[in-house]
Amino acid sequence: MISRLGKLLPDKLARLAGLGVLAFIVMAAFAPLIAPQDPAATDLFRRLQPPAWLDEGDWAFPLGCDALGRDILSRIIFGARVSIFIGVVVVLLATVIGVMAGLAAGYLRGATDRLISGLVDVLLGFPYLIFAVGLMAMMGPGVLNMVLALAYKEWVVPCRLVRGETLAARETEYVEAARAMGASSLSIMVGEILPNILSPVIVVGTVRIAQVIILEASLSFLGLGVQPPTASWGSMVADGRAFILDAWWVSTFPGLAILLLVLCINVASQAVRDALDPRFHD
Amino acid sequence: MTPVLLLQRVGHLVPVLLGVTVIVFLMMSLTPGDPAEIMLANQNATPAQVAMLRHDMGLDRPLMERFVSFVGHALQGDFGQSLFHRRPVATVIMERLPATIELSVAAMAFALLVSIPLGVMAAVYRGGVLDRLATVGALLGVSLPGFWFGILMLIGFAVNLRWLPVSGAIDFAAQPPGITGLMVVDSMLALRGDSLMNALAHLVLPAITLGLPMAAILMRVTRASMLEVLRQDYITFAEAKGLGRGRIIALHALKNGLLPTVTVAAMETGSLLGGNMVVETVFGWPGLGRLVVESIFVRNYPLVQAAVLLYAVTYVVVNFLADLLYTVLNPRVRM
């Protein structure tokens, strides 16, 4: 795997995208050190102050200020924490649940498979955003509720993948050999099958982080996600909607941050897929 | 497809629909606290009024009994009263549904009209400038947050250039007599050119915003599928026979190459339904998606519940039809 990941290096675009993702992670991790201002500090004298390169701009507030006079750049830097945290935590949580459920359904089959596959079919019956909106409407806004609302459906993605891979793997010779040696179902699933099907799970996981980040931003945009004063890119775009006539920068820059991060993840994950999946090598 | 096979497929649909209904019903139970109290918060309701609402919503009955009653009423199109509108939930939803259908159809049409020619051209001229541009465009399309793209379009085309309207489905003065509730169709039925142009102008920006991610996905699917088809022996044979490139693509390759596009288009309806909520909010579109978002903030739970169920049932049925369509179109699956 390491040698395959090394093959990413010659691809300039993938390298650039990887560096982009890394930059966003560093920005999120060291937000208090990097942000030029306090993201929650309001200053009504700086209300809707334009970016530094425009008239009335100020380099202490490079991307301008929002309707409460808060520094947009600092809020974008702190907002990266929310997006990356929710993207990674939801996908990790969903992957753990989905892998366990998929392994059980694919290996044990029978009633376990029918139960898990039935639940998966039902959850697939909901458009993702609508399911999340319905849950958030009932549970109320907040980071924890958002993680739960997204993970409730997200686990279906790795589950279906792992179930399919496990169904194929359980008929292979190495699994039969382990079974003949008296290994338990649990040790076969975790010790034999899981390491062999991990590559596609990682590939799908990286792609899904990008999708979850967009969903989080959409929920926050609708006012159902992270609540003020915590900075979130989606809610920052929503805040700027009322001022598009005379303060375009309030909505534009946070949206640009979402686009850049999601684009970097998508490009990087495509390269990870090419490196890990032998079918793409030729 | 034999009638037995069709019945089998319909048989698979029933448990999924039942499961979807159970989950939508249980969503209400997730509400922390008493839904009746939450719905009447800040309205100076007396304990007796809260108790009356709790009784009306059936919250004082056992869960199983409530579920049976919920399903029974839902089958008759009865989802209770919308407290906010003081009218039945079903009536309020039906008023907003045509606008959402109109926007979804326009977005789907935009996605198909853009993705199919681009996908085919990208495959035919593989590795060329157009292919690269289309690939970059597809990547941007799936990475763009719809709500932000919508706002950028508003800033560019509605606020700065003033080419298109900022919000709504039609100007008040241009409204045609309501027949179907679909502004474009009603304008045509009333033979009113001014209304039609007005309705179309309102539709452009929301339809592009909603359809763009779908166009990106369909473009990739069409390109991949056409590349696969163009490698087939029968295409090589047609070339060997001396048929022109355009004729081969139009008569032989497109028929098989567009099969996955049609199926994926039907399956992607889910993203359209979800995207509706966001796009309708950005453009002030008077549809169901915006109604749901508004209803959440006034804690109009019965309406949210009914709308989520409607979206889910629509999605399940559309996916089922897409599956059938694929079976009918693809002889290998039919066997």
Side-chain angles (χ1 to χ4, degrees), chain A residues 118-119 121-141 145 148-149 152 207 210-211 213-215 217-224 233-234 236-238 240-241 244-246 248 250-252 254-267 270, chain B residues 12 15-20 22-24 26-32 35 38 139-140 142-149 151-152 154-155 158-160 166 213 269-278 281-282 289 292-293 295-297 299 301 304-305 307-309 311-316 319:
Chain A
L119 190 57
D121 283 345
V122 169
L123 286 174
L124 283 174
F126 289 93
Y128 205 141
L129 189 61
I130 286 165
F131 184 78
V133 163
L135 279 180
M136 293 298 288
M138 303 302 168
M139 297 194 300
N145 284 351
L148 289 176
Y152 273 136
V207 180
Q211 289 308 306
I213 286 173
I214 289 195
L215 282 165
S218 303
L219 286 172
S220 294
F221 173 79
L222 292 174
L224 299 170
W233 293 345
M236 286 173 76
V237 175
R241 204 158 50 104
I244 56 168
L245 288 175
D246 39 23
W248 55 267
V250 183
S251 277
T252 305
L256 200 60
I258 304 172
L259 172 66
L260 275 178
L261 176 58
V262 171
L263 204 58
C264 286
I265 296 176
N266 278 337
V267 173
Q270 221 164 349
Chain B
H12 285 149
V16 174
L17 286 175
L18 189 68
V20 162
V22 171
I23 289 183
V24 172
L26 286 177
M27 274 181 178
M28 182 80 97
S29 313
L30 280 172
T31 314
I38 295 169
L139 192 62
L140 272 176
V142 291
S143 306
L144 266 176
F147 54 90
W148 181 65
F149 179 62
I151 289 176
L152 286 191
L154 275 179
I155 294 175
V159 175
N160 287 330
V166 175
T269 322
S271 64
L272 277 191
L273 294 176
N276 261 322
M277 246 177 230
V278 170
T281 304
V282 172
V292 172
V293 176
S295 298
I296 290 170
F297 293 111
R299 302 188 181 90
Y301 292 145
V304 176
Q305 203 176 25
V308 171
L309 184 63
Y311 275 125
V313 170
T314 310
Y315 187 42
V316 170
N319 269 335

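Note on naming: letters A, B, ... go to the chains in the order of the sequence lines (proteins, then strands), and numbering restarts at 1 for each one.
Of the possible polar contacts, one joining the B/Tyr311 side chain to the B/Gly289 backbone as a donor-acceptor pair under 3.5 Å is found.
Between chain B and the residues A/Gly134, A/Gly240, A/Pro254, the most heavy-atom pairs under 4.5 angstrom are made by A/Gly134. Of the listed residues A/Ile265, A/Leu263, A/Leu129, A/Leu124, the one with more heavy-atom pairs under 4.5 angstrom with chain B than any other is A/Leu263. Heavy-atom pairs under 4.5 Å with chain B peak, among A/Leu215, A/Leu123, A/Ile244, at A/Ile244. Among B/Val292, B/Leu140, B/Thr314, B/Leu272, the residue making the largest number of heavy-atom pairs under 4.5 Å with chain A is B/Leu140. Counting heavy-atom pairs closer than 4.5 Å to chain A, the top residue among B/Leu152, B/Val282, B/Leu154, B/Asn319 is B/Val282. Contact count against chain B (heavy-atom pairs under 4.5 Å) is highest for A/Ile130 among A/Ile130, A/Leu261, A/Val262. The greatest number of non-hydrogen atom pairs below 4.5 Å with chain B, out of A/Ile258, A/Asp121, A/Val267, A/Leu222, is found for A/Leu222. Options A/Ile214, A/Leu224, A/Leu256, A/Leu119 differ in how many heavy-atom pairs under 4.5 Å they form with chain B, and the most are formed by A/Leu256.
For B/Phe149, no part lies near chain A; criterion is any non-hydrogen pair under 4.5 Å. Heavy atoms closer than 4.5 Å to chain A are found in both the backbone and the side chain of B/Val20. Looking at B/Leu144, the atoms closer than 4.5 Å to chain A (heavy atoms on both sides) sit in the backbone and in the side chain alike. Proximity to chain A (any heavy atom under 4.5 Å) is shown, for B/Val166, by neither the backbone nor the side chain. Contacts between A/Ala210 and chain B at a heavy-atom distance below 4.5 Å are absent for every atom of the residue. Of the atoms belonging to B/Val22, not a single heavy atom falls under 4.5 Å from chain A.
Shown here are the side chain to side chain contact (heavy atoms under 4.5 Å, CB included) partners of A/Ala238, two or more places apart in sequence or in another chain: A/Phe221. Residues that satisfy the side-chain hydrogen bond (donor to acceptor under 3.5 Å, both in side chains) test with A/Asn266, not counting sequence neighbours, are B/Ser143.
Counting all heavy atoms, side chain and backbone alike, B/Pro145 lies closest to A/Gly255 at CG-O, 4.2 Å. Minimum heavy-atom separation, B/Leu273 to A/Pro127: CD1-CG, 4.1 Å.
Distance check, rounded to the nearest 0.5 Å: OG of A/Ser220 to CH2 of A/Trp233 gives 11.5 Å. The OG1 atom of A/Thr252 lies 8.5 Å from the CD1 atom of B/Ile151; values are rounded to the nearest 0.5 Å. Distance check: A/Tyr152 OH to A/Leu135 CG gives 7.0 Å after rounding to the nearest 0.5 Å. For the atom pair CZ (A/Phe126) and CD1 (B/Ile23), the distance works out to 5.0 Å, reported to the nearest 0.5 Å.
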